[in-house]
Protein chains: 2
Amino acid sequence: MDPVPPLPDQPRITNATLSDVARAAGVSAITVSRALNQPHLVRPGTLAKIQAAVRETGYAKNRAPAEHGTDRSKLVALILPTVANPIFADMVQAASDKLTDAGYQLLLGLASYEVWREEILVETVLSRRPDGIILTGTLHSDNTRRRLQSISIPIVETWDLTPFPIDMLVGFSHEEVGNTVAARMLTKGYRRFAILTADDPRASRRHLGLQAALGRQGIEVVATDVVPTPASLQLGREGCARLLARHPDIELVICSSDTLAQGAMTEAVSRGLRIPDDLAILGFGDLNFAAHTYPPLSSVRVDGSLIGALAAHAIVERLTGVPPAKRMPAVTDTGFQLIERGST
Amino acid sequence: MDPVPPLPDQPRITNATLSDVARAAGVSAITVSRALNQPHLVRPGTLAKIQAAVRETGYAKNRAPAEHGTDRSKLVALILPTVANPIFADMVQAASDKLTDAGYQLLLGLASYEVWREEILVETVLSRRPDGIILTGTLHSDNTRRRLQSISIPIVETWDLTPFPIDMLVGFSHEEVGNTVAARMLTKGYRRFAILTADDPRASRRHLGLQAALGRQGIEVVATDVVPTPASLQLGREGCARLLARHPDIELVICSSDTLAQGAMTEAVSRGLRIPDDLAILGFGDLNFAAHTYPPLSSVRVDGSLIGALAAHAIVERLTGVPPAKRMPAVTDTGFQLIERGST
DNA sequence: CTGTTAGCGCGTTCAA
DNA sequence: TTGAACGCGCTAACAG
């Protein structure tokens with residue numbers, strides 16, 4: 001079907017307005033507006049005339065005056081660090097689907113894990129008067145918090161929990177992840193822990209939780225290696241190599257993402273280490289590939305799609321006037337799950 | 001730093017307008033507008049007064065009236081099939097960076113490889129009068145083409161080449177990929193080819209190109225297996241299993257993505273097949289992980305970041321009035337590269 | 001079911 | 001360097 005020659009039809013009248021359509025249809029502008037937005041309020045005959053006139057004039061809807069007049073933009077902003085991390089890509093996909101279904105469009109802002117970027121993005125985004133905002137994390141600049149608290153649209157913070165959300169919250173406790181991992185790995189007999197983490201605030205929280213939990217058992221993390229975001233297999237290999245160089249006797253490397261973990265495994269295997277006997281490795285995210293590495297990767301499963309869908313859902317519920325009693329709670333713990341597959 | 005208690009400051013006056021700020025600063029609204037958008041046209045003293053008034057009133061910019069009045073939205077729409085495929089995620093990231101730098105915001109639409117969804121998305125997106133549009137592929141509905149041809153904003157089609165672009169084009173030839181792969185694999189001595197492909201129009205084009213090139217040598221593809229999008233490792237395994245069940249003697253499986261290829265490799269290895277001697281496998285995309293599979297995956301490298309950056313760049317150049325002579329060409333071939341690593 | 005009136009709050013254009 | 005007048009095109013509110 002492709003390539004295709006240029007279509008014969010010539011450009012229609014661009015920028016036809018409602019009045020143009022109205023004139024062509026022999027009705028008033030407001031009737032055209034109704035025909036387009038609330039067709040059930042218009043008599044079928046009139047509707048047909050108007051539809052013909054729309055085609056004839058090549059009319060394309062124009063939301064700018066509508067937004068100006070009504071202050072409803074049908075826009076929802078999603079602000080996240082990056083879309084290169086598959087857990088965020090999943091979130092975007094799920095949020096986009098839900099929002100599109102509900103008649104909203106997605107304004108995307110990527111903040112690269114930097115609070116100051118987020119601040120700028122929020123300010124820019126607010127200039128479009130979005131009907132709702134989805135943020136990543138609960139760590140924002142004071143300006144951002146103040147600005148967001150002063151407005152009355154639904155806001156969802158995601159991927160985290162906090163006692164002081166700006167508005168709504170969909171996520172899980174990163175400290176709790178650390179606790180759970182510590183408890184389980186101690187049970188399995190590991191004592192010499194290393195951390196391989198990307199430079200990401202939520203990952204740090206998980207590892208602080210881990211260290212605290214280990215500390216309560218009198219155990220210290222032997223070594224920590226921090227790599228820049230976004231993580232890659234290469235960074236995982238290199239990080240693992242540094243850890244092993246400094247501390248050849250570590251038993252377990254806990255990684256802040258599956259990608260780092262897979263890179264670390266590659267390094268370990270290439271050195272002839274047996275996994276998990278010589279070196280155990282734990283990932284985070286539990287991405288699709290975790291079940292398909294050699295050996296299959298143990299990982300903490302979190303669900304980006306779920307977070308995206310729930311966040312979008314929370315916003316749409318508010319906007320469509322679902323009564324508070326029937327809405328999802330303002331704080332939703334999406335949970336996580338430690339999955340063991342053979343690398344620990 | 002987190003959790004954080006609620007900030008003490010109370011909500012400022014929401015929806016303060018330029019006039020409110022003007023009153024507080026003792027100037028006219030238009031001067032405030034200038035102070036915000038073209039500060040160099042305002043005397044420093046006045047500027048300072050206005051900045052104070054902005055803080056005092058909690059003024060937040062409002063683009064709606066501006067858009068209504070001027071028909072420039074500072075919005076660029078990016079329409080693609082999905083963001084779950086990392087090559088598209090790379091593209092989004094790169095495009096977003098470029099556009100943000102140039103002062104534009106990103107409106108994201110996901111069309112799931114379906115032309116009718118794209119048609120709806122384009123129509124919806126046009127209602128916001130974006131300053132530019134980036135599309136994926138060159139295959140659109142007649143309505144979409146007609147609509148887009150009738151408007152005068154910069155439009156870039158991506159990930160493909162065609163003699164009849166709507167406006168600008170950034171991509172590579174999928175038929176050419178097929179040709180190149182065929183030529184090289186024939187040279188290496190493979191004769192019994194199988195195809196494992198996701199249900200995606202550009203992938204199909206590549207495989208048609210492959211089949212045509214093989215046909216010219218009197219060789220037929222032994223078997224084809226089509227899986228739904230989005231691809232996954234699991235689908236790759238299953239597809240490979242089906243191919244081997246039907247035709248145990250195939251020598252080479254050419255996959256429409258690295259993900260499928262890796263899944264296929266997993267299946268082959270689990271059956272005790274040696275790669276590439278018993279079965280060779282070729283991927284597409286050359287994602288980061290391709291170099292880190294066992295054996296490392298041969299793949300056709302394409303660069304999503306490059307495509308995203310060039311597409312955004314082309315739009316910005318037009319919008320910022322770079323003279324045609326200094327602009328990038330309307331059609332840019334981003335090329336591809338066959339990388340052999342050990343799986344072929 | 002359809003029409004009339006009025007106003008949303010900016011930026012553009014021109015004048016001072 | 002600053003200001004005044006105007007209009008962008010739609011929809012809310014009310015009337016018929």
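The chains referred to below are lettered A, B, ... by the order of the sequence lines, with proteins before strands, and numbering in each begins at 1. Keep in mind that this is a model prediction, so the values were computed, not measured.
Residue pairs meeting the ring-ring contact (aromatic ring centres under 6.0 Å, His included) criterion with at least one partner in residues 63-82 of chain B, sequence neighbours excluded, are His68(A)-His68(B). Within the structure, salt bridge (Lys or Arg N to Asp or Glu O under 4.0 Å) contacts touching residues 27-52 of chain B (residues at least two apart or in different chains) do not occur.
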Between Arg146(A) and Asp142(A), does a side-chain contact (heavy atoms from CB on, under 4.5 Å) hold up when you go through it step by step?
CA-CA 6 Å; Arg146(A) 194 177 303 121; Asp142(A) 286 356; 4.1 Å; yes

For Glu123(A) and Ser127(A), run side-chain contact (heavy atoms from CB on, under 4.5 Å): C-alpha distance rounded to whole Å, both residues' side-chain angles, the deciding distance at 0.1 Å, then the answer.
CA-CA 7 Å; Glu123(A) 201 62 27; Ser127(A) 76; over 6 Å; no

Begin from the C-alpha positions of Leu310(A) and Thr158(A) and carry the test side-chain contact (heavy atoms from CB on, under 4.5 Å) through to its verdict.
CA-CA 9 Å; Leu310(A) 288 178; Thr158(A) 56; over 6 Å; no

Determine whether Thr124(B) and Gln105(A) satisfy the following criterion, side-chain contact (heavy atoms from CB on, under 4.5 Å), listing intermediate values before the conclusion.
CA-CA 8 Å; Thr124(B) 315; Gln105(A) 284 175 266; 3.3 Å; yes

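Take Tyr104(A) and apply the ring pair (Phe, Tyr, Trp, His ring centres under 6.0 Å) test, not counting sequence neighbours, and it matches no residue.
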At under 4.0 Å between heavy atoms, which parts of nucleotides 5-16 of chain C does protein reach? Answer with one letter per nucleotide, 5' to 3': B base, S sugar-phosphate only, - none.
---BBSSB----

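Counting only N and O atoms by type, the side chains of Gln93(B) and Thr82(A) include a donor and acceptor under 3.5 Å apart.
Residues Phe88(A) and Val83(B) are not in side-chain contact: their nearest non-hydrogen atoms beyond the backbone lie 4.5 Å or more apart.
First and last contacting nucleotides of DNA chain D toward chain A (any atom under 4.0 angstrom from a heavy atom, 5' to 3' order): dG9(D) to dA13(D).
With respect to Leu108(A), the side chain to side chain contact (heavy atoms under 4.5 Å, CB included) criterion is satisfied by exactly one of Leu106(B), Leu107(B), Leu78(B): Leu106(B).
Taken together, the paired segments of DNA chain C that extend over three or more consecutive Watson-Crick or G-U pairs, each closer than 3.5 Å at both contacts, are C:1-16 with D:1-16.
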